[in-house]
Structure formats: structure tokens, C-alpha cells
Amino acid sequence: MHLYNTLSRTKEPFVALRPPHVGMYVCGPTVYGAPHLGHARPYVTFDVLNRYLRYLGYKVRYVRNITDVGHLVDDADEGEDKIARRARLEKKEPMELVQLYTLAFHKAMDLLGNQPPSIEPRASGHIPEQIEMIEGLIRKGFAYESNGSVYFDLEAYRLKYPYGVLSGRVVDELVAGAGNERRALAGQSEKRKPEDFALWKNAEPEHIMRWNSPWGQGFPGWHIECSAMGVKYLDAPFDIHGGGMDLLFPHHESEIAQTTACHNCAPCRYWVHNNMVTINGQKMGKSLDNFINLDDLFAGTHPLLSQAYDPLSIRFFILQAQYRSTLDFSDSALSASAKGYKRWVQGLKELLAYNPVKSEAHSVTHSHKRQGTRPGLEGLLNSTLFEAKAQTALNDDLNTPVLIALVYELLNEFQTVKSGKIVVSPADWDDLKTKVKVYVTDILGFDLSDEVSDTSLSSALEASMKLILDLRQQAKDSKNWAQSDLIRDALNEAGIKVMDDKEGSRWSLG
RNA sequence: GGUCGGGUGGCCGAGUGGCUAGGCAGAGCUCUGCAAAAGCUCCUACAGCGGUUCGAAUCCGCUCUCGACCUCCA
């Protein structure tokens, strides 16, 4: 498998450092607000990567943090903690807020079809580890205390290690900061150099979230949690570090500096970054008034949306683009994709439900021109070929859109089977079904089981629907169209669609 | 201003030197009491201008243009 490594800016063959184990760390959400569209893309992406690595036989430890402390807000807030700020506004305990949004996040992730990570460490639960790491950095001369805060000494670091390799940043230019006005950061006067970043922040008296430390009461800086927790659970260097492209600088650059300075080795081997989502071509941002929460997306309660979107159709939409391209969300793009998704899933369900007729010996092959060609199906219906192509797609930097397109093509070829033009043997068909299920459900994470999960309810519904449709059929047989249309319309209003075809009537929910 | 990444058919979105991805929309057709669904067929594009090459969406140069980041962010 090849993965694009931001560090080298090329696709590199993936080689695990300690096979069969793979350590993957992905920057998790800051739980100070409702989960939004920006959360959907990275976590769907890395969920598929996690699933695929497992499929390839790796034992993956997937660590994704919950940030519930310490992110500084901008100068207007004088270094006040984001979570503390929201807590005051909503008059809740900070941890109450954290709990609320953590649960909302988990629920959204579940709806999107994401498997939970192996470990989901909280920053607030790892204060001692962070303090320990900061102490180590001070001991080694890469950090200094100032006025109850601790800052990373970038100058000292740069004397020994290169800085800015990941993001392509040059420190002197950062400081010069040509062009736009630079934001005045809190505590700038305490720093030796403006480019130094906070490892620990002294808490003002009104700051709610605070912990004891060797430097007085305070809270950890933004970047240190990922370094401390990543090393704790995965050991540096681990295999993969993922996150959104927006985290490249300064967050990941700082992580590299911290871990390298502390442990004298890079945090990880591969840096994998997903690109951003845009809304109607524009960056999504709270200030731009185009922020879409996942709840609103799933319920259709957002002014920019014309309808509710099935969470898995959002997953489909996300996976229809390669993770390194920007992905533009618009109502029209979503509804186009949702339609395609519906057909895709329906076709797959039919494929999985299809049972080839057991027939004579020659059923396996069809129209092989030459004698001696190996038996088997042509095209994607041949499970070996399907798998080879599917794997090629994913091996190429997780090219999920190509895999999805491949399945569409397979469904197209399935038509020739349905129509009887090609006869398949039950054994071949079982092979194909197994492979398709692996790629579509195990790896891509879609659900091809039937919607109604409650079995007693399901069978009751099944039976009553059969009765109703039988009655309607009787009406149809006696050409009582008024009666049959009445039944269909009434069912339609109840949310049940009825479709007639040659074999009779079919129905589906929604 | 700096760094990085893009511009592909009506829309979304793959594709890194030759072999028309795929989806949605649109058109025609099949099926059909009507409808819906499904299926079949059609729609052959790569920002512009140069260059390299037998051959360029793909490589090189320039121009135009969009976006991300530059200490809140997924």
C-alpha cells in the first residue's frame, strides 16, 4: 500500500515499523461545540484507513484524542480557555459541557459508520504525562519557565534540529510575518522569542479549568497533549499520524519539535493529512455563517439544505472524493450523491440476495473462445479480478472513489447475470458475494443489511405488507385501478413506497 | 507578502505520457393500466498560451484564476 506522506510530499510504500502492529494517532476533536461537517471527513477517512490496514492483516492500535482542555482562544479572550469560555456562557461546569459534546460526537461518529478508535484518551486525563514531558523539555534545555508559564525554546531547538520540515515554514519569515497584520498573542511579553509556543499556561484567577503543576496552577498548551498521549500509547516513533491539513502548522510542526526534543526521535513515520471541506466553494467557518452541524445535516434542518441526508449517504459522499482533494459540500452535490448512493446500495443488496440457479456442469464458463482457458467469469464478476482491482485502488493512497466506481461497474455487469445472458455457478457467486461484502461493508463501512433491525417488528411488518399487497393484487387483477391506486397512495403517505414490476409488487421504506 | 495545493464535460468527481473512470442532471428507448423503480442507449471534457515528444488532461515554462495555511480550527 502506498500512502501520501506530507513529510516527503510523495506517495510512499507503507512499511510498518513493528509488523504486524501498526500505531496510528489521529488528532481528535475539541469538544467545545456540536460535531460538525469538518469532523466528518477526517474521521471517515481514517476510519477507512484503519479498516483497510486491519483487512491487510495489521493489528492496528488507533488512538484518537479528545481535547477537553487548554486550547487558547485568540487575543480578544486574553488566553481564556475555549471550554471555560463556553462553560461560562452556558452556565455549566466545563466538564459538563465536555461530556455533552463528547456524547454528541460519539453519536455522530457512530451514525457515520465509524468504528470507535482503540483508545480515546482525554487531555484532561493526562495532565501528569504532559507535565512530565514539559519537565523533560526544560531539563534538556528546550523549554523555559516564565511567569508561571512554560514556553518551548525554538531557538535552542533549531540549533540542534531542523524546524519547519513538515510545513515548509521558515521561521524568520514567520516572525517577519509580511503582509497581513499579525495577531497579538497572549503572553507575548513573557516569551524570549515571539515564535516560541506555550507548553503550559499560567491560569488567571478567573480561569476555571486549572491544574497544579511545578509552575503553579495552570493548564497545558495546545500541542503538548498529542505529543504526550501519542508517545504514551504508541511509543515514538509510531507509524501514522493523521489529521486535517489545517493542523499541519503549527500543531503538527510543534508536535514534531516537542517529541524530537524530548525523545530524540521523530513522533512518527508517516504524516497523513486530509484536505478541508468547503460549503458552496467557501471555507466553512462560524464567522462565515455557513457552519453545518452534523445533526442539522442528518435532520435536514439547515437553511442551506433542501432535505435530510442519511448519515451513510454523507459517508458515501465523502468517500466519493479522494481524501487529499478539497471536498465541496453543496445541497445539489449532496442530493446527487445521495441518489446515486441509494441506487448503489439497492443494487448491492440485490447482488447479495441473488441466488444463481443450480444448473449443469458447463454453467461456470460462458463463451470462452478458446479451449483451455481457465474457467471463471469474465470482468468484475470474476471475484479474483474484482478483488485485485479493488485492492489496487485502495493501495493507491486510499483511492476510495475508484473503488466506488468499480462497484458501480460491477453492478452494471450484474445485469447480464440477472437477465440470464451469463450463467454463474453458485460457488463462483458465493466467492464474489464474499469479496464484495468485505470491500463494501468491512472496509468502506457501509451497511447492506436490511433496515428494520427489530426482528419481531420486521416479521410483523413483512406479513402485513404481504397481506395488503395481495389485496391490492386482487384489485389489480379485476382491473379495479381506483382501489389499487388508493392502497398505493395511502401506503405512500405512510412512508412506504410500492413499485410494480413483472414479478409483482415490491415495497420499501422511505 | 511568504509557503503549499488546485483549475477536468451542465454539476460533482477519478485519472501522471497513447487504451472514452464513475455518479448526478439532460435526451431517447424498454418495461408498464397509470405511477414509481429498474434497465439499455446517447451526451467524448481536461483554464489560456508556448515548449518537449511520433503522441500531452498528464512533463516543462509563462499567464490567468481559485483555495488552504502563516500560532482558534477537522
Side-chain angles (χ1 to χ4, degrees), chain A residues 6 9 26-30 32-33 35-43 45-46 71-77 82 164 167-170 172-180 182-183 185 188 194-198 221-223 242-251 253-254 273-278 281-286 316-317 320-322 324-330 332-344 346-347 350 393 396 399-409 412 415 418-419 476 479 481 484-485 488-489 492 497-502 505-506 508:
Chain A
T6 310
R9 306 204 181 265
V26 174
C27 288
T30 303
Y32 68 89
H36 55 75
L37 209 40
H39 294 122
R41 169 109 109 145
Y43 305 132
T45 299
F46 291 106
H71 279 206
L72 300 176
V73 291
D74 62 28
D75 55 321
D77 302 289
K82 269 185 178 177
S167 59
R169 286 301 130 89
V170 180
D172 302 318
E173 282 169 1
L174 283 178
V175 179
N180 55 358
R182 294 177 53 73
R183 282 173 267 193
L185 285 165
Q188 205 60 293
E195 62 269 30
D196 292 348
F197 54 87
W222 173 32
H223 316 299
M245 258 179 194
D246 52 336
L247 297 176
L248 228 148
F249 187 89
H251 185 56
E253 202 70 77
S254 302
H273 290 98
N274 63 276
N275 213 320
M276 313 306 282
V277 305
T278 54
Q282 250 198 332
K283 179 191 168 165
M284 185 176 77
K286 286 189 170 159
F316 184 80
F317 181 71
Q320 252 188 321
Q322 211 270 346
R324 284 194 296 120
S325 333
T326 51
L327 177 60
D328 187 45
F329 277 74
S330 63
S332 57
L334 281 172
S335 67
S337 176
K339 262 186 207 170
Y341 170 68
K342 205 175 166 191
R343 224 190 92 227
W344 196 72
Q346 195 49 47
E350 276 179 42
D396 182 18
N399 200 329
T400 51
V402 166
L403 176 53
I404 288 173
L406 199 68
V407 173
Y408 270 114
E409 286 176 65
N412 183 260
Q415 295 308 322
K418 273 210 299 193
S419 67
K476 284 177 71 178
K479 296 203 192 301
W481 309 127
S484 74
D485 287 355
R488 185 174 61 197
D489 293 347
N492 232 324
K497 267 192 193 145
V498 177
M499 292 149 287
D500 297 341
D501 50 33
K502 265 182 258 174
S505 302
R506 290 183 296 121
S508 70

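Per chain, numbering begins at 1; letters A, B, ... match sequence-line order. Because only heavy atoms are used, hydrogens play no part in the values below, and waters and symmetry mates are left out as well, while side chains stay in.
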message: Dot-bracket for RNA chain B, please. Rules: Watson-Crick or G-U, both distances under 3.5 Å, ( ) within the strand, [ ] when a pair crosses earlier ones, | for another strand, . otherwise.
response: ((((((((.[[[..)..(...]]].(((((.......)))))....[[[[[..)....]]]]])))))))....
Minimum-distance nucleotide to Q415(A) side chain [options: C12(B), C40(B), A74(B)]: C40(B)
query: When rounded to the nearest 0.5 angstrom, what is the spacing between CZ in R488(A) and CE in M499(A)?
result: 10.5 Å
query: So what does V498(A) hit on the nucleic acid, given a heavy-atom distance under 4.0 Å: a base, only sugar-phosphate, or nothing?
result: base
query: Atom NE2 of H273(A) and atom SG of C27(A): how far apart are they, to the nearest 0.5 Å?
result: 7.5 Å
S167(A) versus F249(A), closest heavy-atom pair with distance: OG-CD1, 3.5 Å
message: Check this for me: does the side-chain of D328(A) come within 3.5 Å of the base of C12(B) through a donor and an acceptor?
response: no
- prompt: Could you state the interatomic distance from CD (Q415(A)) to NZ (K418(A)), rounded to the nearest 0.5 Å?
  reply: 4.5 Å
query: If you look at every strand shown and take non-hydrogen atoms under 4.0 Å, does G244(A) touch a base, only sugar-phosphate, or nothing?
result: sugar-phosphate
- request: Would you indicate which nucleotide in C34(B), G13(B), A74(B) comes nearest to any side-chain atom of L327(A)?
  value: G13(B)
query: Heavy atoms under 4.0 Å, any strand shown: does S254(A) hit a base, just sugar-phosphate, or nothing?
result: nothing
statement: CG (D328(A)) and CZ (F317(A)) are apart, to the nearest 0.5 Å, by 7.0 Å
query: Quick one: is N412(A) getting a side-chain N or O under 4.0 Å of the C40(B) phosphate, OP1 or OP2?
result: yes
query: So how far is it from F197(A) CZ to H251(A) NE2, rounded to the nearest 0.5 Å?
result: 10.5 Å
- prompt: Which word best sums up how the rings of W344(A) and Y408(A) line up, parallel for under 30°, tilted for 30 to 60°, or perpendicular for over 60°?
  reply: tilted
message: So, does T30(A) get its side chain near the phosphate of A74(B), meaning an N or O under 4.0 Å from OP1 or OP2?
response: yes
- prompt: What's the CE-P distance between M276(A) and A68(B), to the nearest Å?
  reply: 9 Å
message: By nearest atom, which of the nucleotides A14(B), U71(B), G33(B) is closest to the E195(A) side chain?
response: U71(B)
- request: Return the value, rounded to whole Å, for the distance between atom CE of M245(A) and atom P of G5(B).
  value: 9 Å
field: Distance in angstrom units between K283(A) NZ and A68(B) P, rounded
entry: 6 Å
- prompt: What nucleic acid atoms does S484(A) come within less than 4.0 Å of, heavy atoms only: base, sugar-phosphate, or nothing?
  reply: base
- prompt: Counting just side-chain N and O atoms, does N399(A) come under 4.0 Å of either OP1 or OP2 of G15(B)?
  reply: yes
message: Using a 4.0 Å heavy-atom cut-off, does D485(A) contact any base of the nucleic acid, only the sugar-phosphate backbone, or nothing at all?
response: base
message: Whole angstroms only, please: what is the NZ-P distance between K476(A) and A36(B)?
response: 14 Å
- prompt: How far does NE2 of H39(A) sit from OG1 of T30(A), to the nearest 0.5 angstrom?
  reply: 7.0 Å
- line: Contacts of M499(A) and P29(A) projected onto RNA chain B by closest heavy atom; the upstream (5') one is M499(A)
Length of the CH2-P vector between W344(A) and C12(B), whole Å: 22 Å
task: Let me know the distance between NE2 of H223(A) and P of A74(B), rounded to the nearest Å.
output: 13 Å
query: What is the nucleic acid contact for V277(A), judged by heavy atoms within less than 4.0 Å: base, sugar-phosphate only, or nothing?
result: base
statement: Per nearest nucleotide of RNA chain B, the residue lying toward the 5' end, T326(A) or N274(A), is T326(A)
- request: Just call it for L248(A): base, sugar-phosphate, or nothing, with non-hydrogen atoms closer than 4.0 Å on any strand.
  value: nothing
query: Donor-acceptor pair under 3.5 Å: do we get one between R488(A)'s side chain and the base of A36(B)?
result: no
field: Footprint string (nucleotides 16-29 of chain B, 5' to 3'): B base within contact, S backbone only, - free, heavy atoms under 4.0 Å
entry: -----BSSSS----
